[in-house]
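A short worksheet on the structure shown next.
Side chains included, hydrogens not; waters and symmetry mates left out as well; all remaining heavy atoms used. Each chain gets a letter, A, B and so on, in the order the sequences are listed, and its residues count up from 1.
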Protein chains: 2
Amino acid sequence: MTDAGENSQNQSTPTINDVAAMAGVSKKTVSRFINNSPLMSAATREKVSDAIDKLGYVPNPQARALALRRNFMIALLHDNPNGQTVLNFQKGVLSAIRDTDLALAVRPVDRTSDDLLDDIETFLTKQRPLGVLILPPISERDEIVDLCKRLDVAYIRVGSTVLDEHSRCVASNDRAIVQEMVAALIKQGHSRIGFVRGPDGFRSPLERENGFLDALGEAGLQPDPGLMVKGNYRFQSGLTAGFELLKRTDRPSAIFASNDEMASGILHAAHALGIAVPDELAIVGFDDTATASHVWPPLTTVHWPIEEMGRLAAMKLVPEFLGEGVAKLDLEQVIVPSHIVERASARLS
Amino acid sequence: MTDAGENSQNQSTPTINDVAAMAGVSKKTVSRFINNSPLMSAATREKVSDAIDKLGYVPNPQARALALRRNFMIALLHDNPNGQTVLNFQKGVLSAIRDTDLALAVRPVDRTSDDLLDDIETFLTKQRPLGVLILPPISERDEIVDLCKRLDVAYIRVGSTVLDEHSRCVASNDRAIVQEMVAALIKQGHSRIGFVRGPDGFRSPLERENGFLDALGEAGLQPDPGLMVKGNYRFQSGLTAGFELLKRTDRPSAIFASNDEMASGILHAAHALGIAVPDELAIVGFDDTATASHVWPPLTTVHWPIEEMGRLAAMKLVPEFLGEGVAKLDLEQVIVPSHIVERASARLS
DNA sequence: TTGTAGGCGTTATCAG
DNA sequence: CTGATAACGCCTACAA
């Protein structure tokens, strides 16, 4: 006797049984409606729809999760690189899934840990998210992607360059935009341009460096190894690099820092040495985080579209959950273009 | 016939049935073990424990969620105030739940929306988190807390002052620390001190303002209304306030800004007007976000222990999930003390 | 202290 | 196109 529907109707929230009873159909039919099955007559569809509206029925995600062996959640896997970056990416993701039933879980990991893969595996098998978004730099690690494939968890890799097949990744065009930025500096008359690198072993520092070299090459300038110094994306390394570059007798007239945090460090060094920015030294950065507009003078920088990348990545990961508003074409996009933001630390025009 | 255990044992992940079969007990007994029931003989406990280890069994959170009507997840409810703040809080929460099975879901809301409560209710009924952590400023809204109570979702309110009974909140001591900071400025000889307020309608700006007034009062100084200007916690408002204060003929010799972002704005204003910091003007902020140490000169500020607050809030929300490492005493703590960080924008000693 | 029966709300199978 | 029946994996009665 299926009288379960009867008693649960009064006090607790309505279940699929209540809907089925009211619509005079079976549970499975209601289930079909929920899952947009094409195998339904318009009439039945209508009946079910009415009952759902009348009851204010909402499918229980936990029950679906159990039956489907999959949680209604997407996860953000990252290695806590730049705080702002993660946050802006989150904003993008959340804007994409705002009107869905999906939750966003945040999962920081430690890329230097030996247990990295175990950690991720435990997380994925326990939480069983619909899919994961992997931020750089760990998005470059193929073992993680292999793990996702083995566990049958969808993924999107995010990076400074195309890291996977188009349907599985989102990327920015770091190399091209850096080339553009440096070319703009050259056009302003700078011929001795310093470069502060990001940390070794990752993709984005390489892309940005190549963009820098591209620009020099195109202008027929020889890169001066003495003007290219190491950094690690942190403020302190920018400070050190700044002093190193600016204490040279043949110091550069412009410096490209591979991110804003290091650019701020260089700015500090310039202030400390009494070098006027931008009159005696042009400084440009990369990222366009909050810091870029809060320092003095505000940084001319590359706007890295990390929030838009978050939106796109989420849409590509779970297009079936998005409303009709999403055009199919959008989802084939891979590259989200960056653009240059001119502020006071370097004149470009 | 309970042969379900037999066939699921070989390929898929082990279930409670497999454990029960191997240990020679019933499902319920295994369930008791999982839930730390005291009603078990040591012998049985051992048998079950062995079987679990041998099988590498992990309880399925989705199934538990369905049965318990509760997801193994805690949610972070916030209204996107300062990005850095949210992120640092997240870090704290994640450090607390690192070794648990819990996931952290992030849920930004719009406090100005009419649907605020509906949004939250939908989220809570759908996701059914174990509990929610509510960040300021929405942590001040009693309707939200009432909603949590009605839906039987545990919560912790986070704020700049004690907002709820001790077991349900975590707070910083903004008023006291601001008083301390301003007293330190006074001790340095400043008697005309500007104050830049935060936005109206929230608690933290009020607390900070009261701390400011406390310090003046204690020193026997009269607050000058002309030196107390409005802001809204954003950079731009700090810039405006800075110009307003610094263009006065009787301009202050020190300014307290209610957060770092506004303090950065004031710094810009000072630079633009050619006023030397800290020699002609001392500037202090509040928060100690990344910006504080990236601007020039670096900001003397109050370190707001938002990450520690995140840790504590998470521990108070779900103490039963934490390892033995957590002393009961810690969980009775409510106030996480702030402290002053002296940098170059103001000398305090 | 342990076990049995039934339920949590949904989806899959497979017959009609 | 639709529906009975059996999962999904765990937990709560209640009984022994």
- prompt: Any salt bridge between Glu121(A) and Arg150(A), counting N to O under 4.0 Å?
  reply: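 So Glu121(A) pairs with Arg150(A) through a salt bridge.
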query: Thinking salt bridges, do Glu140(B) and Arg157(B) make one under a 4.0 Å N-O criterion?
result: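 Answer for the salt bridge query: no.
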Please determine, for the side chain of [X], which listed nucleotide ([options]) has the closest atom?
X: Ile16(B); options: dA12(C), dC10(D), dT2(C); result: dC10(D)
X: Leu68(B); options: dG3(D), dT12(D), dT10(C); result: dT12(D)
X: Leu66(B); options: dC8(D), dG9(C), dT2(D); result: dG9(C)
X: Ala67(B); options: dT10(C), dG9(D), dG3(D); result: dG9(D)
X: Lys27(A); options: dT2(D), dT11(C), dG9(D); result: dT11(C)
X: Leu39(A); options: dC1(D), dT11(C), dG3(D); result: dC1(D)
X: Lys28(B); options: dC11(D), dT10(C), dT1(C); result: dC11(D)

message: Mind checking if Tyr57(A) touches a base, just sugar-phosphate, or nothing, with heavy atoms under 4.0 Å?
response: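 Sugar-phosphate: the residue Tyr57(A), judged by heavy atoms under 4.0 Å, touches backbone atoms but no base.
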message: Taking any heavy-atom pair under 4.0 Å as a contact, classify Val25(A): base, sugar-phosphate, or nothing.
response: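 It contacts sugar-phosphate atoms only.
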Spacing of [X] atom [atom1] relative to [N] atom [atom2], expressed in whole Å:
X: Arg69(A); N: dT11(C); atom1: CZ; atom2: P; value: 14 Å
X: Phe72(A); N: dG9(C); atom1: CZ; atom2: C1'; value: 12 Å
X: Asn71(B); N: dG9(C); atom1: CG; atom2: P; value: 14 Å
X: Arg128(A); N: dC8(D); atom1: CZ; atom2: C1'; value: 12 Å
X: Arg70(A); N: dT10(C); atom1: CZ; atom2: C1'; value: 16 Å
X: Asn36(A); N: dT10(C); atom1: CG; atom2: P; value: 16 Å
X: Gln62(A); N: dT11(C); atom1: CD; atom2: C1'; value: 15 Å
X: Asn17(A); N: dG7(C); atom1: CG; atom2: P; value: 11 Å

- request: Could you list all the side-chain hydrogen bond (donor to acceptor under 3.5 Å, both in side chains) pairs where at least one residue sits in residues 50-73 of chain A, not counting sequence neighbours?
  value: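 Counting only pairs at least two positions apart or across chains, the side-chain hydrogen bond (donor to acceptor under 3.5 Å, both in side chains) contacts touching residues 50-73 of chain A are Asn35(A)-Arg64(A).
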Closer than 4.0 Å, any side-chain N/O of [X] to the OP1 or OP2 of [N]?
X: Arg64(A); N: dT11(C); answer: yes
X: Asn35(B); N: dC11(D); answer: yes
X: Ser26(A); N: dG3(D); answer: yes
X: Ser41(A); N: dC1(D); answer: no
X: Ser31(B); N: dC10(D); answer: no

message: On DNA chain C, compare the nucleotides closest to Ala63(B) and Pro38(B); which residue's is nearer the 5' end?
response: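 Residue closer to the 5' terminus by nearest nucleotide: Pro38(B).
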- prompt: If each of Val58(A) and Arg32(A) is mapped to the nucleotide of DNA chain C with the nearest heavy atom, which maps nearer the 5' terminus, i.e. the 5' end?
  reply: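 Per heavy-atom nearest nucleotide, the more 5' residue is Val58(A).
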Looking only at atom types and distance, does a side-chain atom of [X] sit under 3.5 Å from a main-chain N or O of [Y], one as donor and one as acceptor?
X: Ser139(A); Y: Val158(A); result: yes
X: Thr122(B); Y: Asp118(B); result: yes
X: Lys91(B); Y: Val86(B); result: no

message: Could you tell me if the side chain of Ile74(B) sits less than 4.5 Å from the side chain of Leu317(B), heavy atoms only?
response: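 Yes, close enough: below the 4.5 Å cut-off.
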- request: Would you mind reading off the bend of the helix from dT1(C)-dA16(D) to dG16(C)-dC1(D) from its two end axes, five pairs each, to 10 degrees?
  value: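 Overall, the helix from dT1(C)-dA16(D) to dG16(C)-dC1(D) bends by 30° from one end axis to the other.
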Six-ring centre of Tyr155(B), Arg168(B) cation under 6.0 angstrom, axis tolerance 45°: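 Checked: cation-pi criterion met.
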message: Go through it in stages, so that I can follow the logic: the residues are Leu116(B) and Arg141(B), the test is side-chain contact (heavy atoms from CB on, under 4.5 Å), and I'd like the CA-CA distance, side-chain angles, deciding distance and then a yes or no.
response: CA-CA 11 Å; Leu116(B) 175 64; Arg141(B) 305 269 288 253; 3.3 Å; yes
